[in-house]
2 protein chains.
Amino acid sequence: MGTGSVRDKLRVRGGRKFGAGPGDFPVGPTSKSNAAKQLVSTGEKLDRLQEALYAGASRSVLLVLQGMDTSGKGGTIRHACGLVNPQGLHIKSFKKPTRAELRHDFLWRIRRALPAPGMIGVFDRSHYEDVLIARVDNLVKPDVWEARYDRINAFERELADSGVVIVKCFLHISKEEQRKRLIARLERPEKRWKYNPADLDARARWDDYQAVYADVLARCDTDAAPWFVVPADHKWYRNWAVSQLLLETLEEMDPQLPQPSFDVQAELDRVKAS
Amino acid sequence: MGTGSVRDKLRVRGGRKFGAGPGDFPVGPTSKSNAAKQLVSTGEKLDRLQEALYAGASRSVLLVLQGMDTSGKGGTIRHACGLVNPQGLHIKSFKKPTRAELRHDFLWRIRRALPAPGMIGVFDRSHYEDVLIARVDNLVKPDVWEARYDRINAFERELADSGVVIVKCFLHISKEEQRKRLIARLERPEKRWKYNPADLDARARWDDYQAVYADVLARCDTDAAPWFVVPADHKWYRNWAVSQLLLETLEEMDPQLPQPSFDVQAELDRVKAS
């Protein structure tokens with residue numbers, strides 16, 4: 001499997017809508033045990049690449065995670081992003097905007113949370129909520145959300161130009177899988193805190209959400225900031241796929257450790273004499 | 001080994017200065033393999049406790065890491081803090097203050113980086129630099145740094161009262177171990193980026209640093225914000241000790257998952273019908 005192949009297979013493209021189904025394995029391992037084996041070597045490679053990215057401190061990565069409730073944004077952060085040194089991660093969860101945030105443009109809070117050079121930023125939800133829930137729940141008028149697609153594309157283009165490599169993942173689960181996961185949250189006392197009765201409101205509008213997601217994928221998939229559809233009914237596949245997308249992205253960036261700005265031998269002599 | 005025993009053994013107390021030496025094993029495993037075994041079960045326990053801390057979102061933990069260059073602040077974050085879900089970590093590295101930061105009180109940038117409720121904050125260096133390098137390098141006048149010890153104690157007291165449980169670790173290495181690590185950084189091309197010729201300036205003032213560290217440990221070890229001396233010549237021991245300090249701290253906090261504010265059976269029925 002060559003560099004870029006998972007990116008190729010999972011990349012959403014204009015007409016394809018969601019591409020693979022939520023339970024499919026369009027590329028890579030087809031069993032949990034094979035995925036687990038690959039995750040170990042992926043972790044080692046990510047580790048080296050992340051260190052070089054951090055050391056060079058010129059570019060950064062921004063991983064955007066979107067998906068319906070229970071699609072596994074948190075689990076992905078833990079198991080895929082958790083493969084790299086936590087010091088190189090900048091994780092930001094976007095909740096319902098505060099009143100202070102609502103007084104600003106919708107991209108204001110996003111700009112404030114961007115990863116510094118050298119970092120891998122991870123957005124758990126993002127500015128895409130402003131064309132998803134904002135649209136389904138009529139939080140803003142149609143001309144407002146309508147204008148946001150172009151705003152987002154321009155914003156992401158600007159980010160890419162400034163050295164932020166953007167990877168956007170739609171964690172694609174089925175309505176039936178969400179049902180199972182909501183039931184599991186309720187039946188397991190230690191998972192109950194994650195359950196929110198309001199999640200059923202979004203679930204009741206499942207088809208509307210699928211439609212606005214399809215619009216996002218069709219209108220905001222650009223070469224500067226591509227969208228990937230990650231089949232997410234199987235957690236192990238989702239984790240494997242996102243770790244692989246991160247790996248391929250970093251391999252393509254090919255960050256290099258900075259050359260020493262000092263005379264190595266002279267410094268060795270100084271240390272030995274100290 | 002009961003709860004709190006590593007905290008007891010590594011806690012610095014008034015007259016004891018550094019307590020254990022940098023290569024000692026004052027408590028716990030005396031071999032790398034035993035430490036590694038314990039790290040697995042510590043990780044599982046930390047995981048559950050961190051989830052409850054996060055879910056409850058009332059209190060937070062602040063782990064402060066201080067130590068000479070190469071003492072392993074980064075390695076500790078990776079291997080000890082890396083045991084918990086990265087989404088629950090808020091890691092902040094304090095570098096040389098910027099000109100903007102210097103226009104403010106020394107605690108200004110610290111307050112802005114405090115962990116939100118539910119989070120485990122990790123400071124890689126901290127406000128203690130303002131009574132360490134600031135003092136050794138005469139960056140401020142004696143009356144300025146002299147006043148900071150009381151300021152720090154009052155600040156930490158206030159933090160503790162607001163629900164932040166503070167754990168301060170001095171990663172204690174020997175001058176000889178630092179020499180080996182600096183040489184290793186220079187000899188291994190992939191580690192060279194971590195080497196900074198200026199590190200030798202601090203090394204040349206080793207005894208001065210040990211003296212100002214001793215002062216910090218004597219003057220700022222309080223029940224509200226205790227200092228622990230972590231022997232750090234052995235990386236595996238350092239990682240074990242810090243993970244254990246975190247674990248004992250969380251065990252003592254005993255965070256509880258919030259009780260559901262909804263009728264579980266009614267919600268199960270709603271989900272099943274959806």
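Proteins come first, then strands; the chains are lettered A, B, ... in the order of their sequence lines, and each starts at number 1.
- The choice from B:Ile183, B:Asp199, B:Asn196 that makes the most heavy-atom pairs within less than 4.5 Å of chain A is B:Ile183.
- With respect to the salt-bridge test (charged N to carboxylate O, under 4.0 angstrom), the residues A:Glu51 and B:Lys191 qualify.
- Counting heavy atoms from C-beta outward, A:His90 and B:Ile91 have side chains that stay 4.5 Å or more apart.
- For a residue to count as touching a neighbouring chain, one of its non-hydrogen atoms must lie under 4.5 Å from one of that chain's; by this rule A:Glu190 touches chain B with backbone and side chain alike.
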- prompt: Can you list the steps and then say if A:Tyr195 with B:Leu268 is a side-chain contact (heavy atoms from CB on, under 4.5 Å)?
  reply: CA-CA 11 Å; A:Tyr195 181 86; B:Leu268 262 174; over 6 Å; no

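- Atom-to-atom distance recorded for A:Leu182:CG and B:Lys272:NZ is 12.0 Å, nearest 0.5 angstrom.
- Closest of all the heavy-atom pairs between A:Leu186 and B:Val271 is CD1-CG2, 3.9 Å.
- Separating the CZ atom in B:Arg179 from the OG atom in A:Ser274 is a distance of 6.5 Å, to the nearest 0.5 Å.
- When the candidates A:Ile77, A:Leu200, A:Val84 are compared by the number of heavy-atom contacts under 4.5 Å with chain B, A:Leu200 comes out ahead.
- Rounding to the nearest 0.5 Å gives a distance of 9.0 Å between NZ of B:Lys194 and OH of A:Tyr54.
- If you measure heavy-atom distances from A:Pro86 to chain B, the contacts under 4.5 Å come from both the backbone and the side chain.
- Ranked by heavy-atom pairs under 4.5 Å with chain B, the list A:Asp124, A:Leu89, A:Asn85, A:Leu257 is led by A:Asn85.
- Of the two parts of A:Lys92, neither the backbone nor the side chain holds a non-hydrogen atom closer than 4.5 Å to a non-hydrogen atom of chain B.
- Side-chain atoms of A:Arg78 and B:Asp47, non-hydrogen and from C-beta on, do get closer than 4.5 Å to each other.
- Counting only heavy atoms from C-beta outward, the side chains of A:Arg270 and B:Arg203 never approach each other to under 4.5 Å.
- Nearest heavy atoms, A:Gln87 versus B:Gly74: OE1-CA, 3.5 Å.
- Proximity to chain B is absent for every atom of A:Ser261, based on heavy atoms less than 4.5 angstrom apart.
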